[in-house]
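Accompanying notes for the structure given below.
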Amino acid sequence: MLKEFVDLYYKIVSGIILNCFLIALAILALWHNFVTVHFQRHHDYRDTRSSKTNIKVPATTRGETRRGSRRCKRSASNSSSLPLNKHKALEEDPEYNIEFDHTFTSVETRPESAEDATFVESSYNQGRELEDNPFQDVLAAEDLKLVPDLKYYYAQYGITIEEFEVETEDGFIIDLWHLRHDESNEKSMHPILMLHGLLQSSGSFASSGRKSLAYFMHQSGFDVWLGNNRCGLKPKWNKAKLGNDKRKRWNWDLREMIKYDLKSLVNTVLDKTNHQKLTLIAHSQGTTQGFYGMTNGDLLYGQDEFRLVDKLENFVALSPACYPGPLIFEKGFIKFMSLGIDHKWVFGNRAFLPMMLLVKKLTRGVVILPFMSYIMFNYLFDWNDSLWDKPLRDRHFLFSPVYISTKLMQWWLSPSPRKVSFTKGADIMFPPEKTWFPVENGAAVQKPMQNHLNKPRNKPQDYPHMMMFIPRQDRLVNGEKLINHFIQHESHSLFKIWYIDEYSHLDVLWAHDTIERIGRPLIANLRLPGMLENEKD
């Protein structure tokens with residue numbers, strides 16, 4: 001009885017505080033959008049700076065590149081790999097497996113300090129058709145009706161989405177969506193599991209329709225599965241395991257999502273496809289789950305035989321979130337959230353921002369909320385839709401925000417020195433000066449190896465092949481620090497990195513040229529089981 005009374009107190013007090021918080025945030029976001037667009041007469045503001053961390057590729061490499069170094073290759077070509085632009089500026093560093101993409105297609109995404117950029121003002125973003133734009137007709141053919149169900153859109157492409165409910169070991173029911181192929185061909189296709197970011201569902205990989213990564217991978221001959229973390233669009237539990245204890249239903253953070261959710265999704269896909277390994281493509285929080293599961297598997301899974309690092313053929317990290325970016329420490333509203341996140345009378349002790357999700361439920365997510373979600377995130381994180389297909393913008397927000405726990409937000413934002421949070425403890429979870437994936441016969445690294453938790457393996461092929469697409473204009477996370485870790489402390493045969501000057505945190509999913517800048521390079525560099533067999537021969 002006392003516990004119920006305390007919970008009611010937290011619910012009422014936090015409800016008042018959070019509703020005032022959301023109203024203030026909405027007013028400021030609306031004012032910011034109105035003034036920017038209507039008075040200043042330019043597009044929504046985007047912070048085009050990078051993080052404060054410099055990439056520590058040796059000066060002899062980066063410096064000589066612009067003078068024609070033998071170690072790096074700089075190119076500007078009319079390659080078909082980026083058909084929206086007649087010029088694609090690439091700086092390739094084969095020694096460190098990094099590709100620097102300096103191409104800009106929008107005035108609004110080009111930093112004033114971008115001295116080493118090839119700029120192509122694309123009429124695509126002003127709504128005028130380009131002669132060499134192969135996607136214009138594809139976009140025009142999209143159904144722009146807002147329906148919060150991927151099956152509605154994909155039925156128009158002749159693709160059936162099969163839905164599964166997967167139960168985790170601790171009693172949560174999570175959603176897994178499968179993009180079907182002809183059954184006779186599916187068994188031979190390599191399985192790909194996609195995992196979403198914070199406050200999103202894996203609908204974010206598919207909401208661009210024919211221009212989405214999910215559709216592109218499906219049409220390229222892969223078996224695509226969209227995995228969702230616990231609670232998601234509709235919270236579901238096994239009541240026999242969790243009972244009616246509402247606190248227990250929301251008593252979880254990222255560790256449970258890795259230990260139970262990701263494990264259940266991976267095992268389910270492998271069981272249903274009869275494959276030994278799969279490719280995991282993750283965005284933002286999903287990359288945190290992937291890297292944490294691979295680097296801290298012994299600590300996380302204990303005596304369990306499951307090891308994520310042994311279940312993956314490839315790990316593709318889009319906007320990887322291993323280290324916090326400067327925006328988390330600069331933005332007023334985010335700092336306010338950090339200060340109050342550990343106090344139950346501010347944010348409660350169950351679902352995070354339940355009022356926002358109630359509004360979504362009442363409006364079915366199609367009225368006002370997509371626009372409000374966009375301008376609020378634009379105000380909070382200083383990114384915008386400059387590179388997105390504008391007609392599809394509202395569709396993207398049909399599949400977010402989703403239900404998460406307040407405890408998960410504490411994992412991300414808590415300033416408490418007694419807690420290991422992303423804000424304060426990233427270097428503990430992902431020690432930047434230690435080797436996460438030690439290889440006995442790997443390529444030399446810049447600094448002597450001090451291993452983290454994984455035991456050394458014989459060769460790089462004993463680990464998943466890692467591909468990272470890191471946006472330069474992503475200040476929510478510090479991708480540059482992750483790049484430095486890999487080039488200094490990991491075998492260079494393990495990974496390849498794309499550093500994209502023009503992109504921000506969500507552009508890796510929704511930019512108009514995502515297929516060309518993400519999809520095609522991804523497929524070209526995938527390691528598939530047959531390739532390993534050929535290497536052995």
Side-chain angles (χ1 to χ4, degrees), residues 37 43-44 46 78-86 88 101 103-109 120-159 161 179 194 200 202-220 224 226 283 318 365-366 370-371 373-374 377-378 383-400 469 471 500 502-523:
V37 175
H43 196 59
D44 303 329
R46 169 183 276 205
N78 56 353
S79 168
S80 60
S81 62
L82 193 63
L84 291 178
N85 304 306
K86 292 184 182 300
K88 181 179 180 182
D101 185 345
T103 306
F104 285 85
T105 62
S106 170
V107 176
E108 293 141 5
T109 60
V120 180
E121 184 174 358
S122 172
S123 60
Y124 181 88
N125 288 307
Q126 284 78 46
R128 298 189 301 273
E129 185 174 354
L130 287 176
E131 292 181 2
D132 58 350
N133 177 11
F135 294 126
Q136 192 68 27
D137 291 339
V138 173
L139 181 61
E142 287 291 336
D143 185 344
L144 300 182
K145 182 180 179 181
L146 296 181
V147 179
D149 189 348
L150 284 177
K151 291 186 293 185
Y152 171 81
Y153 298 106
Y154 277 72
Q156 299 175 29
Y157 316 145
I159 299 174
I161 295 183
L179 276 60
M194 295 182 164
Q200 290 185 309
S202 280
S204 59
F205 287 100
S207 57
S208 294
R210 295 181 182 89
K211 297 184 66 177
S212 68
L213 286 174
Y215 179 86
F216 176 71
M217 299 304 290
H218 177 275
Q219 296 300 99
S220 298
V224 176
L226 305 178
H283 173 244
L318 309 177
V366 300
F371 171 72
S373 296
Y374 167 73
F377 281 112
N378 167 239
W383 47 250
N384 60 26
D385 62 352
S386 296
L387 299 179
W388 306 356
D389 293 301
K390 304 298 189 296
L392 299 179
R393 191 183 74 183
D394 285 351
R395 187 199 287 187
H396 297 319
F397 289 97
L398 293 176
F399 306 100
S400 63
F469 293 83
I500 308 175
E502 185 173 35
Y503 273 15
S504 186
H505 196 70
L506 287 171
D507 294 335
V508 294
L509 297 177
W510 298 339
H512 62 79
D513 54 0
T514 297
I515 299 304
E516 302 306 321
R517 288 191 177 182
I518 306 289
R520 296 192 192 282
L522 189 163
I523 287 180

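When reading the values below, keep in mind they use all heavy atoms of this one structure, side chains included, and skip hydrogens, waters and symmetry mates.
Across all non-hydrogen atoms, the minimal contact from Tyr153 to Val147 is OH-N, 2.9 Å. Residues Thr103 and Arg517 come closest through the heavy atom pair O-NH2, 3.2 Å.
Qualifying ring pair (Phe, Tyr, Trp, His ring centres under 6.0 Å) partners for Phe469, counting only residues two or more places apart in sequence or in other chains: Trp498. Residues passing the side-chain contact (heavy atoms from CB on, under 4.5 Å) test with Thr514 are Leu213, Tyr503, Ala511, Ile518, sequence neighbours excluded. For Tyr374, the side chain to side chain donor-acceptor pair (under 3.5 Å) criterion is met by Asp44, Asp385, not counting sequence neighbours. Under the side chain to side chain donor-acceptor pair (under 3.5 Å) criterion, Asp149 pairs with no residue, sequence neighbours left out. Legend: residues meeting side chain to side chain donor-acceptor pair (under 3.5 Å) with Ser208, ordered by chain and number and at least two apart, are absent. Phe377 pairs by the ring pair (Phe, Tyr, Trp, His ring centres under 6.0 Å) definition with Phe381, not counting sequence neighbours.
When side chains are defined from C-beta on, Arg395 counts as touching Glu142, because their heavy atoms get closer than 4.5 Å. Between Leu398 and Ser207 there is no side-chain heavy-atom pair separated by less than 4.5 Å. In this structure, the side chains of Tyr157 and Leu179 stay at 4.5 Å or more apart for every pair of heavy atoms. Contact of the Leu150 side chain with the Leu226 side chain is registered, since non-hydrogen atoms from C-beta on lie closer than 4.5 Å.
Remark: the Tyr154 side chain and the Ser212 side chain contain an N/O donor-acceptor pair separated by less than 3.5 Å. Counted by atom type alone, Thr105 and Glu502 present one or more donor-acceptor pairs between their side chains at under 3.5 Å.
Note that CG of Leu509 is 5.5 Å distant from CZ of Phe205, once rounded to the nearest 0.5 Å. A distance of 9.5 Å separates CZ of Arg393 from CG of Asn384, quoted to the nearest 0.5 Å. Between atom OG of residue Ser504 and atom CZ of residue Arg46 there is a gap of 4.5 Å, rounded to the nearest 0.5 Å. Here the straight-line distance linking atom CG of Asp507 with atom CD1 of Ile500 works out to 9.0 Å at 0.5 Å rounding. The line from NZ of Lys145 to CG of Asp394 is 15.0 Å long, rounded to the nearest 0.5 Å. Between the CG atom in Asp101 and the CD atom in Glu516 there is a gap of 12.0 Å [rounded to 0.5 Å].
The closest donor-acceptor contact from the side chain of His283 to the backbone of Leu506 lies at 3.5 Å or more, if one exists at all. Although no hydrogens or angles enter the test, the distance criterion places a donor-acceptor pair under 3.5 Å between the side chain of Ser202 and the main chain of Met194.
Relative orientation of the Trp388 and Trp383 rings is tilted, given thresholds of 30° and 60° on the angle between their planes.
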